[in-house]
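Here's the structure we're looking at; comments come further down.
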Amino acid sequence: MLDCLLVTFILNLVLQPLVEPDLGWHLRAGLDLIAQGWHLPDTDPYSHTMSDWHWVEHAWLTDGGLGLIYRGLGPFGGLGLIVFFGIVTALAWWTAAGLAPVHRTYRLAALVASLWVALPFLGARTQLLSLLGVALLLRIWSRIQQGQRQWIWALPPLFLLWANLHGGFTAGLFLAAVLWLSSFLMKVCVTWQLCQVPRDEPVLSWDDLRRCAVAMGLAALVTCVNPYGWGLYVEIYESLTDRLMIDTLREWQPVSFQGWAGRAYGIYLLGLTGLVAGWYRRVEPVRWAMLLLMLGLSLLHWRNVTLFLIVSLPLAAEVSALSVASCLRRVPVLKSHAAGAVVGLAMMAGAALYALGTEHLEHVWQSGRTPDLYFERTEYPIEAVRWIRGHREELGTRLYNDYGYGGFLLWQLPGERIFIDGRMPAWRIKDRLIFQDYVALNREDSPQLMVLDRYGVDWALIQRGSPLAVALEAHQGWTTVYADNKVVIVRRR
């Protein structure tokens, strides 16, 4: 009963409405990719500001799959996308939790806790495919440590597929290198007797380390089997080192323990630290190196929080089981009441589910089945989109849109070229840096309206009440043609 209720909790967490800002451009790219016979564009087909940019589509195969699901299921296409991302999320977390050699209930409980912390990062995000890749990498490495050498050669096909599904494969290569280097150093310490401390972790043989090195080299090599070859690495490196993007976008900021997401992550770290300090006594250098490094990266950037949640999930399940077993040993009377305690926990979980109600799943259903109606209750300007569809001839030819609306507009207004979207923060051609221009245009003190002249913008869809909206509504050269409680649409006189 308790396991069934925990699974129900997990379903509530992995099934999320279609509100991810970048889903729109991923879906549009996938639909167009299918329509064009799986031929990738050489330059950006979706913006008028950077139409000469040689666009490298990190997730081209994923986008094509999304397009097939959405188009193939017709009126149920949105639900198909929700189920797809729900399955990917559940597989990633369950694969990671499966590494813990404990009873299923502990794994499910750790899953619920981890997914609850990860909730702000879930939904229709292609990054979830890389989290599944990380979980599979950990599973393969666990099998290698157990002496199952045949799993070494699973690394090249994993990375071949991963490199075409999502650009996060580079994080997988980094993690694989960390695991190999830690194992190598541990082997050196054992061989040269530099450390006499008993170990609770298998030590790979020199032969296995050589095989792993060869397999990892092949894995890195086959990642170049993609539509862009080595250029995929160049583009990812340039994106990851762009200082303006890192300093501006929240996902690249250091973790702050303010707000719901920060507090939830802080509670998770405190709980995990307390359980480890109280009951974890194993000597596992490779695992320690991986966890400490991923913890540091997670504190450095918000986008790495889910990565640490995945790699720490087996440990969370293990120390939970150890803490319960310790309590039962120290207080024998608890063992005779264990069944009653489990029933009590099941009743508490059932009461929590009842209090949660069906509202969330109703939102999920509506966002997948009738997204236009669902978007009315979100910040997305679906009402303005409907007006544009009926009054397109009254507007201009070059659109300005807020950053968060770009992907949504590409989805809802096919054929319309946008100003900026989630693909473009690091795009630069000589002195033309679109994200820097966007930031200048949206300065709170004095929006730099000359940016609109530079890009020939003659109409704009802007969040109502924003500094730019206020400036353009008051400007003599612009007139308001539409307004609601979400956005205003203005055009040049």
Side-chain angles (χ1 to χ4, degrees), residues 21-22 24-25 44 46-53 238-239 241-254 256 258-259 301-302 378-381 383-385 387-388 391 394-410 413 416-493:
D22 287 338
W25 70 258
D44 177 34
Y46 299 122
S47 73
H48 61 82
T49 52
M50 300 290 283
S51 59
D52 50 344
W53 174 261
E238 291 177 350
S239 297
T241 56
D242 186 84
R243 290 308 313 173
L244 179 63
M245 179 188 73
I246 293 173
D247 293 338
T248 305
L249 294 182
R250 183 177 182 272
E251 66 175 338
W252 288 102
Q253 301 297 306
S256 167
Q258 305 296 320
H301 300 301
W302 273 107
T378 71
E379 296 179 355
Y380 288 114
E383 299 87 353
V385 165
W387 184 88
I388 292 171
H391 301 81
E394 302 176 22
L395 303 171
T397 57
R398 292 195 166 213
L399 165 69
Y400 166 83
N401 60 274
D402 290 336
Y403 180 80
Y405 296 155
F408 178 77
L409 294 177
L410 288 176
L413 296 172
E416 196 71 60
R417 288 191 173 240
I418 48 91
F419 186 89
I420 193 171
D421 63 23
R423 302 168 300 146
M424 303 167 65
W427 290 13
R428 181 198 301 267
I429 300 179
K430 296 182 179 178
D431 62 343
R432 185 175 12 132
L433 179 56
I434 182 63
F435 192 63
Q436 180 175 297
D437 290 336
Y438 174 81
V439 171
L441 191 54
N442 285 272
R443 288 172 50 180
E444 292 190 5
D445 51 352
S446 57
Q448 303 297 299
L449 300 184
M450 70 280 295
V451 173
L452 298 177
D453 300 330
R454 186 185 312 158
Y455 289 102
V457 171
D458 51 13
W459 69 289
L461 187 152
I462 321 167
Q463 181 182 4
R464 186 167 189 174
S466 66
L468 180 58
V470 172
L472 289 181
E473 286 182 295
H475 198 284
Q476 293 183 353
W478 293 78
T479 183
T480 302
V481 296
Y482 173 87
D484 59 29
N485 61 346
K486 297 180 182 177
V487 298
V488 296
I489 298 177
V490 296
R491 64 179 172 87
R492 289 187 186 270
R493 292 187 183 276

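In this view, Trp302 satisfies the side chain to side chain donor-acceptor pair (under 3.5 Å) rule with no residue, not counting sequence neighbours. Partners of Glu416 by salt bridge (charged side-chain N to carboxylate O under 4.0 Å, His left out), not counting sequence neighbours, listed by chain and number: Arg392. With sequence neighbours left out, Arg250 forms a side chain to side chain donor-acceptor pair (under 3.5 Å) with no residue at all.
Contact annotation: the side chain of His48 approaches that of Phe419 to within less than 4.5 Å [non-hydrogen atoms, C-beta and beyond]. Side-chain contact between Tyr400 and Leu468 is present, with heavy atoms from C-beta onward closer than 4.5 Å. Under the 4.5 Å side-chain criterion, counting only non-hydrogen atoms from C-beta, Val487 is not in contact with Asp402. With contacts defined as side-chain heavy-atom distances shorter than 4.5 Å, the pair Leu249/Tyr403 qualifies. Here the side chains of Val481 and Trp387 are in contact, with some heavy-atom distance below 4.5 Å.
Of all heavy-atom pairs spanning Trp252 and His301, the tightest one is O-ND1, 2.7 Å. Here the shortest heavy-atom pairing between Gly406 and Ile418 reads O-CG2, 4.2 Å. Gly404 and Pro21 get closest at one heavy-atom pair: O-CB, 4.2 Å. The minimum heavy-atom distance between Leu441 and Pro447, with the atom names listed, is O-CB, 3.1 Å. The two residues Ala469 and Gln463 come nearest to each other via the heavy atoms CB-O, 3.4 Å. Nearest heavy-atom pair, Asp242 versus Pro425, reported as atom, atom and distance to 0.1 Å: OD2-O, 4.0 Å.
Contacts classified as side chain to side chain donor-acceptor pair (under 3.5 Å) and involving residues 471-481 (residues at least two apart or in different chains) are not found. Counting only residues at least two apart or on different chains, the side chain to side chain donor-acceptor pair (under 3.5 Å) pairs with a member in residues 420-438 are Asp44-Arg423, Asp52-Arg432, Asp421-Arg423, Asp437-Arg454, Asp437-Tyr455. Here side chain to side chain donor-acceptor pair (under 3.5 Å) pairs that include residues 481-490, with residues two or more places apart or in two chains, are Glu383-Lys486, Tyr482-Asp484.
With values rounded to the nearest 0.5 angstrom, Leu449 atom CG is found 5.5 Å from Leu472 atom CG. Separation of atoms CD (Gln448) and CG (Asp453) is listed at 11.5 Å; rounding is to 0.5 Å. Between atom CD1 of residue Ile489 and atom CG of residue Asn401 there is a gap of 11.5 Å, rounded to the nearest 0.5 Å. The CG atom of Leu409 sits 6.0 Å away from the CG atom of Leu461 when rounded to the nearest 0.5 Å.
At least one donor-acceptor pair closer than 3.5 Å links the side chain of Arg492 to the backbone N or O of Val457. Under the 3.5 Å distance criterion, the side-chain polar atoms of Glu251 are left unmatched by any main-chain donor or acceptor of Ile246. Under the 3.5 Å distance criterion, the side-chain polar atoms of Asn442 are left unmatched by any main-chain donor or acceptor of Pro467.
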What verdict does the side chain to side chain contact (heavy atoms under 4.5 Å, CB included) test give for Ile388 and Trp459, after you've listed the backbone C-alpha separation in whole Å, the side-chain angles of each residue and the deciding distance to 0.1 Å?
CA-CA 11 Å; Ile388 292 171; Trp459 69 289; 4.0 Å; yes
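Counted within 6.0 Å of CD on Glu379, heavy atoms from surrounding residues, nucleotides or ligands total 12 or fewer; the atom is thus considered open.
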